[in-house]
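Take a look at the structure below.
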Amino acid sequence: MKAIIPAAGLGTRFLPVTRVVPKEMLPIGAKPALELIVDEARAAGADEIVIVISEGKELIRKYFEGQPDIRFVYQKEQKGLGHAVLQAEIDDDALILLGDALVIGCCAAKEMVEVSKRHGGAAVIGCERVPKEKVSRYGIMKLEGDRIVDMVEKPAVEEAPSDIAVAGRYLLPAAIFGYLKTQTPGKGGEIQLTDAIKRMLAERDAYAYVYPGKRQDIGNPDGYFAALEAYRGNS
Ligand code: UTP
């Protein structure tokens, strides 16, 4: 299994520091956040880790250069998460870990690999439960048991099919790359990973797994402070 860590985003919610320091390289204790994510991918059994970066984020490359099994690819234009994943050019099952999403308190990726095995190698999407009044900020799952029927992007509270949200980790079969290659731009004019997964759902089973850890979005200062506190409380 291979892992892809998209880390090519512009980081506009974390300006001005992201003009020179990629948000993924902000320290969590003595390690950059991204290294904790690389550790998670390795613990899940990834034998190659592809980090997607963009021009100006060479600090990432510099830090990890020389570490075994890590490869870098560039996303030249920020055309969305789906587009970033496609740049990895792999043709294998892929574990996708968002470069600005830390999971503290469990190894989400490793647990997702186990869940996938129990479902005969099916796709698994890492999820978290969110407060009902906040569903409109997330991609929300429509489920039958733990099988995903549909995913609804940022629904109104009264239209949300559940309180279970997509949370930064995906274990997807190689087939996802076929869907991504033909994916047209969606919300924000970007190639959305969610749109490609939704098309995949029509032909393949996928399962939601609510991992026991807490997801921390370090893409903005408030989330970063929360991540530091959670990490300290956990270590
Ligand atoms: P985000 O939307 O949270 O990151 O994408 P962003 O685009 O950097 O955020 P803002 O809005 O400018 O602050 C989630 C993850 O996907 C990556 C980001 O680096 C982040 O890890 N991403 C997003 C890409 O690699 N390429 C893209 O085109 C978009």
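Note that the structure is a prediction, hence the values are computed from the model and not measured. Just follow the structure's listing: the first ligand is 1, and inside any ligand the first atom is 1.
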Within-cut-off N or O pair, [X] and ligand 1, under 3.5 Å:
X: Gly219; answer: no
X: Pro6; answer: yes
X: Gly11; answer: yes

Inset, instruction - Would you please determine whether Glu77 falls within less than 4.0 Å of ligand 1 on a heavy-atom basis? - result: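 Glu77: no contact with ligand 1 (<4.0 Å).
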
Legend entry - Any His83 heavy atom less than 4.0 Å from ligand 1: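 Contact absent.
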
Legend entry - Arg169 side chain to Ala101 backbone, donor-acceptor under 3.5 Å: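 Indeed, once roles are kept as given, a pair shorter than 3.5 Å links the two residues.
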
Legend entry - Test item: Glu58 side-chain N/O and Gly56 main-chain N/O as donor-acceptor pair under 3.5 Å: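 Flag set: sc Glu58 to bb Gly56 pair under 3.5 Å.
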
Legend entry - Residue portion contacting ligand 1 (non-hydrogen atoms closer than 4.0 Å) for Gln75: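 Under 4.0 Å from ligand 1, Gln75 contributes side-chain atoms alone.
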
Side-chain H-bond candidate by donor/acceptor type, [X] with [Y], under 3.5 Å:
X: Glu111; Y: Tyr209; value: yes
X: Arg199; Y: Thr182; value: yes
X: His83; Y: Gln75; value: yes

Legend entry - For atom 13 (O) of ligand 1, closest protein heavy-atom neighbour: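 Heavy-atom neighbour on the protein nearest atom 13 (O) of ligand 1: Arg13 N, 2.8 Å.
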
Inset, instruction - Considering heavy atoms of the protein only, find what lies nearest to atom 10 (P) of ligand 1 and give residue, atom and distance to 0.1 Å. - result: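 The closest heavy atom on the protein side is Thr12 OG1, 3.2 Å.
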
Legend entry - Among Gly9, Pro22, Gly99, closest by any non-hydrogen atom to atom 23 (C) of ligand 1: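 Comparing heavy atoms across Gly9, Pro22, Gly99, the nearest one to atom 23 (C) of ligand 1 lies in Gly9.
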
Inset, instruction - Would you mind finding which of Asp100, Ile191, Leu81 brings a heavy atom closest to atom 5 (O) of ligand 1? - result: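 Among Asp100, Ile191, Leu81, the closest heavy atom to atom 5 (O) of ligand 1 comes from Asp100.
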
For ligand 1, which atoms, with element, lie under 4.0 Å from some heavy atom of [X]?
X: Lys23; value: 3 (O), 4 (O), 6 (P), 8 (O), 9 (O)
X: Ala84; value: 24 (C), 25 (O), 26 (N)
X: Glu24; value: 19 (O), 21 (O)

Legend entry - Side chain to side chain, Thr194 and Val166, heavy atoms closer than 4.5 Å: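 No, every pair of side-chain atoms sits at 4.5 Å or beyond.
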
Legend entry - Residue pair Arg13 / Asp100, side-chain heavy-atom distance below 4.5 Å: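 In short, these two side chains touch, coming nearer than 4.5 Å.
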
Legend entry - Linked, directly or transitively: Val210 and Val124 (ILVMFWY side chains, under 4.5 Å):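 The answer is no; the residues belong to distinct hydrophobic clusters.
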
Inset, instruction - Step by step, work out the salt bridge (Lys or Arg N to Asp or Glu O under 4.0 Å) result for Glu144 and Arg147. - result: CA-CA 5 Å; Glu144 263 174 25; Arg147 195 177 66 82; 3.0 Å; yes

